Amino acid sequence: MLDQIHLLAAVTVLGVLEQAYFFLQVIYARRMFGVSPPKISGPPEFERIFRAQVNSSEYFPIFLALLWQAGLFFHQGLAAALGLLYLCSRYCYFTGYRASSLGRLAPIYFSTGVLWVLVAAAALGLSHFFLTHYVGLNIPRLLLA
């Protein structure tokens, strides 16, 4: 069983570490710009870092759900590779947004595209599972026959 989920687990741990890094960047920015909690506004430089972290946190549960569904029902290796692409694009998003508002655009579009591919993989995998187990219809086998 573990050999069927180890890549997904590794990408999940990397994602959690990335989120921790983003949280730490907000703490450092709060100190640097003198923005004490619970304030969320300050200099534009702080606000960009704060928004990048919050946005990344908002999308993280969606990413995890899609990663695991695509990995369990479609293909673990593909899902893990897409997960790594997503995490890299999120890092580029964070660093780009830190530099300027426009710096976030290309990475956010790319990471959204990766999420849509994970949605498609999860949907295909789940559809195949339901059709095979509940209807008795194995479409890949029919196409190859």
Side-chain angles (χ1 to χ4, degrees), residues 1-134 138-141 143-144:
M1 171 67 177
L2 292 179
D3 61 329
Q4 296 172 350
I5 62 169
H6 67 285
L7 297 175
L8 302 174
V11 172
T12 299
V13 170
L14 287 174
V16 169
L17 292 173
E18 182 177 70
Q19 289 297 306
Y21 172 77
F22 295 160
F23 294 145
L24 288 173
Q25 295 308 300
V26 171
I27 292 170
Y28 298 145
R30 284 188 178 282
R31 290 178 185 156
M32 181 186 304
F33 298 110
V35 180
S36 300
K39 289 183 183 177
I40 58 171
S41 61
E45 296 84 1
F46 168 78
E47 289 182 7
R48 288 195 309 266
I49 293 168
F50 181 79
R51 270 308 305 151
Q53 181 269 318
V54 169
N55 183 271
S56 295
S57 294
E58 291 166 348
Y59 276 85
F60 195 61
I62 297 167
F63 162 68
L64 286 180
L66 292 172
L67 172 74
W68 280 86
Q69 295 307 306
L72 292 174
F73 290 97
F74 190 79
H75 191 277
Q76 178 189 203
L78 176 66
L82 289 167
L84 291 175
L85 276 176
Y86 178 82
L87 294 177
C88 288
S89 65
R90 271 295 161 168
Y91 180 79
C92 291
Y93 165 80
F94 188 89
T95 58
Y97 203 172
R98 166 186 266 166
S100 77
S101 293
L102 293 177
R104 77 191 196 287
L105 295 178
I108 197 71
Y109 295 146
F110 186 81
S111 67
T112 301
V114 172
L115 286 179
W116 279 111
V117 174
L118 284 170
V119 166
L124 284 171
L126 282 165
S127 296
H128 176 262
F129 177 82
F130 286 130
L131 287 172
T132 303
H133 284 64
Y134 296 108
N138 190 331
I139 293 176
R141 186 174 290 152
L143 293 174
L144 295 174

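Here the structure is a predicted model, which means the values were calculated and not measured.
- Heavy atoms only, all atoms of each residue included: Ala79 and Leu8 are closest at CB-CD2, 4.0 Å.
- A perpendicular orientation is assigned to the rings of Phe73 and Phe129, their planes being inclined by more than 60° (bins at 30° and 60°).
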Kindly indicate, with the supporting measurements, whether the criterion side-chain contact (heavy atoms from CB on, under 4.5 Å) is fulfilled by Gln25 and Arg98. CA-CA 10 Å; Gln25 295 308 300; Arg98 166 186 266 166; 2.6 Å; yes
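- With Arg51 contributing its side chain and Arg48 its backbone, the two residues share no donor-acceptor pair below 3.5 Å.
- Nearest heavy atom pair, residue Gly77 against residue Leu7, reads CA-CD1, 4.0 Å.
- Annotation: side chain of Thr112 is not in contact with side chain of Ser89 (no heavy-atom distance under 4.5 Å).
- In this structure, the side chains of Ile108 and Tyr97 stay at 4.5 Å or more apart for every pair of heavy atoms.
- By the 6.0 Å contact criterion, CD1 on Ile40 is open, its count of non-hydrogen atoms from other residues, nucleotides or ligands being 12 or less.
- With sequence neighbours left out, the side chain to side chain contact (heavy atoms under 4.5 Å, CB included) criterion links Val119 to Leu66, Trp116.
- Between Val11 and Ala80 the shortest heavy-atom distance is CG2-O, 3.7 Å.
- Of the listed residues (Leu115, Leu67, Val114), just one forms a side chain to side chain contact (heavy atoms under 4.5 Å, CB included) with Leu82, and that residue is Val114.
- Residues Leu72 and Gln4 have side chains not in contact (no heavy-atom distance under 4.5 Å, counting atoms from C-beta outward).
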Give the intermediate values and the outcome of side-chain contact (heavy atoms from CB on, under 4.5 Å) for residues Leu84 and Leu14. CA-CA 9 Å; Leu84 291 175; Leu14 287 174; 3.7 Å; yes
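- Considering only heavy atoms from C-beta on, Ile5 comes within 4.5 Å of Trp68 through its side chain.
- With rounding to the nearest 0.5 Å, the separation of CZ in Arg31 from OG in Ser36 is 11.0 Å.
- Side chains of Phe74 and Leu118 form no contact here, defined as non-hydrogen atoms less than 4.5 Å apart.
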Intermediate values then yes/no, side-chain contact (heavy atoms from CB on, under 4.5 Å), Tyr91 and Leu87: CA-CA 6 Å; Tyr91 180 79; Leu87 294 177; over 6 Å; no
Show, in sequence, the C-alpha distance, side-chain angles and deciding distance for Arg30 and Ile49, and conclude whether the side-chain contact (heavy atoms from CB on, under 4.5 Å) test is met. CA-CA 10 Å; Arg30 284 188 178 282; Ile49 293 168; over 6 Å; no
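- Few gaps surround CZ on Phe33; more than 12 heavy atoms of other groups in view lie less than 6.0 Å from it.
- Within 6.0 Å of atom CZ in Phe23, more than 12 heavy atoms from other residues, nucleotides or ligands are found, so the atom counts as buried in its surroundings.
- Applying the side chain to side chain donor-acceptor pair (under 3.5 Å) criterion to Gln76, with sequence neighbours excluded, gives no partner residue.
- Partners of Phe110 according to the ring pair (Phe, Tyr, Trp, His ring centres under 6.0 Å) rule, which considers only residues two or more places apart in sequence or in another chain, do not exist here.
- Atom CD of Glu47 and atom OG of Ser101 lie 10.0 Å apart (nearest 0.5 Å).
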Please walk me through it: do Gln19 and Ser57 pass side chain to side chain donor-acceptor pair (under 3.5 Å)? CA-CA 7 Å; Gln19 289 297 306; Ser57 294; 3.2 Å; yes
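- Between Tyr59 and Arg90 the shortest side-chain heavy-atom distance falls below 4.5 Å.
- One N or O on the side chain of His6 and one on the backbone of Asp3 form a donor-acceptor pair closer than 3.5 Å.
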